[in-house]
Amino acid sequence: MRKMTMRRAFSVSLLRSNPLLLSHSSGNSAVVALDNHYYFNSSSSSSCCVFTSTFHVYAISHFSTNPNPTHARLKQLLLEKSKSGFDKLDDALAVFDKMLHMKPLLPVINFNQLLAALVKMKEHSVTVSLFKDMCVKGIPVDLFTFNTAINCFCHLNRVDYAFSLLAGTIKRGFHPDVVTYTTLIRGLISQDNPAEAQLLFINLIRFKLIQPNVVTYTTIINGLCKRGHISTAVMLFRYMEKKGCKPNTVTYSTLIDCLCKLRLVDQALGLLHEMTKKGITPDVITYSSLIQGLCDFNRWQDVNQLLSEMNTRNISPDVHTFNILVDAYGKEGMINDAEDVIEFMIQRGQHPDVVTYNALMDGYCLRGEVDKALAVLETTMKRRGIVPNTRTYNILINGYCKKFKVDRAVDLFQQLPREGLSPTVYTYTTILQGYFLTGRHVEARKFFKEKMMLNKALTLDNFTCSILLHGLCQNRFVVEALSFFDTMLSAGLIPNICIYNTLIDGLSKNGHLEKARSLFDNLPLKGLRPDVKTYTMMIQAYCHDGLLNDANELFLKMEANGCLPDDVTYNTLIRGFFHNKKYNEAGVLMDEMCARGFSADASTASALLDLLKSQEQNPALLALRKKFLT
DNA sequence: GTAGGGTTAG
């Protein structure tokens, strides 16, 4: 509690005392149009000179050849919007429509700017459709246009169409460049097809089609990181340096983020140091990744140090950075601090978004204050015009289920379509879990059969199935569970170890030890390795049935198989020894457990106390009490 | 004017 209070004072006051921390970053330059005169504003005087002189040349040539001021204004608008996107999709479409009917047509570069604006707005399918329109209407296109469309297909997870378009590009006589191929590599990786991506990369180099650049390498490094191949990513990172391709801020940020997500935050800080030493400047994204990594470890002092370092370097935290802080405070139960961060960001002109409020609401739910979370949705978000998404509702639904208020959760579930939102597999699973949690297994099974199974749009995952299997087993519907397991298999879902753990536990607790044992023994055939939970569950099952030798043998075997027992495993086997009056064996195991840094849990301690009550004079038990309960 | 990096829930 004391730690929390100190942290609050420290962090929030630090934010307050650093006005620069939140000063608007206006970018390098902005264009302002006043009475047909154009001015460049720039935050740095040197770039101002460059831009101003460039613009003079542009302006003179432009006005001397094009007397139509509408064209000039439109072009200016397109230049601006290509960087920021339009505020509304309709605005972009209206401009496109106008452009289609202009005579003479604007040059292709202006059409490309419009498409770029749409990409900025993440309107990938609209971009593709406008691209098609252009092709049909015979508007000239160039390689930039094709690259943009290929990129959009990749974002829409249609890499197949992207490759068709590659063929189209070549057919039109364009030479696909490093941008085209880098885009396709990213598409393949994001569609979980790293082998094809690798093959494409190798062939591009082998046939000298392109020279990979820093973006190509960074794209692949990111793909490797996201798939958990950090060491390969680092190898490629060092390789690109050796090949004379210098990593930049994005390359370093990619690796730093990956290291942070793997909880290797000190190594990430090492890379920050390395890049700074090389003169590569970190930016707000680099710092945000590191702040997230440090928050995960509650390293608040380090977080504050980075915030003040950002301040020194004149890098302003943005909405992502603040969202990380709101989330971190919320997860720590420090809801007032989370609210303070939001208030602060608003003061500094940064607009909280749906992610901000979802994080805040989740913070309230974690404290059990679901009604307050609901008030955030109904009052604050509404007032500020922030549109909730399915996640917003999922957070509330989960909050109410955890408080055993499933009916309240179902109300919100039914509200979703009225808000124009669709429930996800997460929504359904939460409700299913809520029903089981409150013992309403009849409704749970009905909900699953009628709402989930019949919803064709719903793809069940292993998590959902494990909730159902657990609920069924817990309520002694073992036959139904096994039958559903068969359905899963025939539907092509590949069960993971969690599914098997749920089944093994459920079967053994319902008197089907032999069936559980057979599933366990067959795991290697399914290509699965038992984890510490699997072993512990089997050990518990053996102990429960008095098969102490089997339990002990498995305990020894698991370590030989490279799976270290944890505190639960030790406590389970120790209680097994207790129940079977093997007090000396229990004592030896307790010594071993303590030597490994684990201790007796509440259930083991109470089992020992119970034994002492009935056998006050048992010397072995007295020795155990002396050793472990003082 | 086209490609690469960061935020929330079971």
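Because the structure is a prediction, the values reported are computed rather than measured. Each chain gets a letter, A, B and so on, in the order its sequence line appears, and its residues count up from 1.
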* In residues 211-220 of chain A, what residues come within less than 4.0 Å of DNA chain B, judged by heavy atoms? ->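 By residue number: A:Asn213, A:Val214, A:Val215, A:Thr218, A:Thr219.
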
* Mind running a 4.0 Å heavy-atom check of residues 155-162 of chain A against DNA chain B and sending the residues that fall below it, in number order? =>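 Contacting residues: A:His155.
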
What contact category does [X] fall into here, base, sugar-phosphate, or nothing, at under 4.0 angstrom with non-hydrogen atoms?
X: A:Asn394; result: base
X: A:Asn389; result: nothing
X: A:Thr286; result: base

Can you pull the salt bridge (Lys or Arg N to Asp or Glu O under 4.0 Å) pairs that have at least one residue in [range], sequence neighbours excluded?
range: residues 147-166 of chain A; value: A:Arg158-A:Asp160
range: residues 243-259 of chain A; value: A:Asp257-A:Lys261
range: residues 144-156 of chain A; value: none
range: residues 286-296 of chain A; value: none

* May I ask you to verify if any side-chain N or O of A:Lys226 is less than 4.0 angstrom from the OP1 or OP2 atom of B:dG6? =>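 Yes, because at least one side-chain N or O of A:Lys226 sits under 4.0 Å from OP1 or OP2 of B:dG6.
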
* To do: Check whether any side-chain N or O of A:Arg391 sits under 4.0 Å from OP1 or OP2 of B:dA9, and answer yes or no.
  =>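 No.
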
* Check the distance between B:dT8's C1' and A:Leu325's CG and give it to me in whole angstrom. =>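 After rounding, the reported distance stands at 13 Å.
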
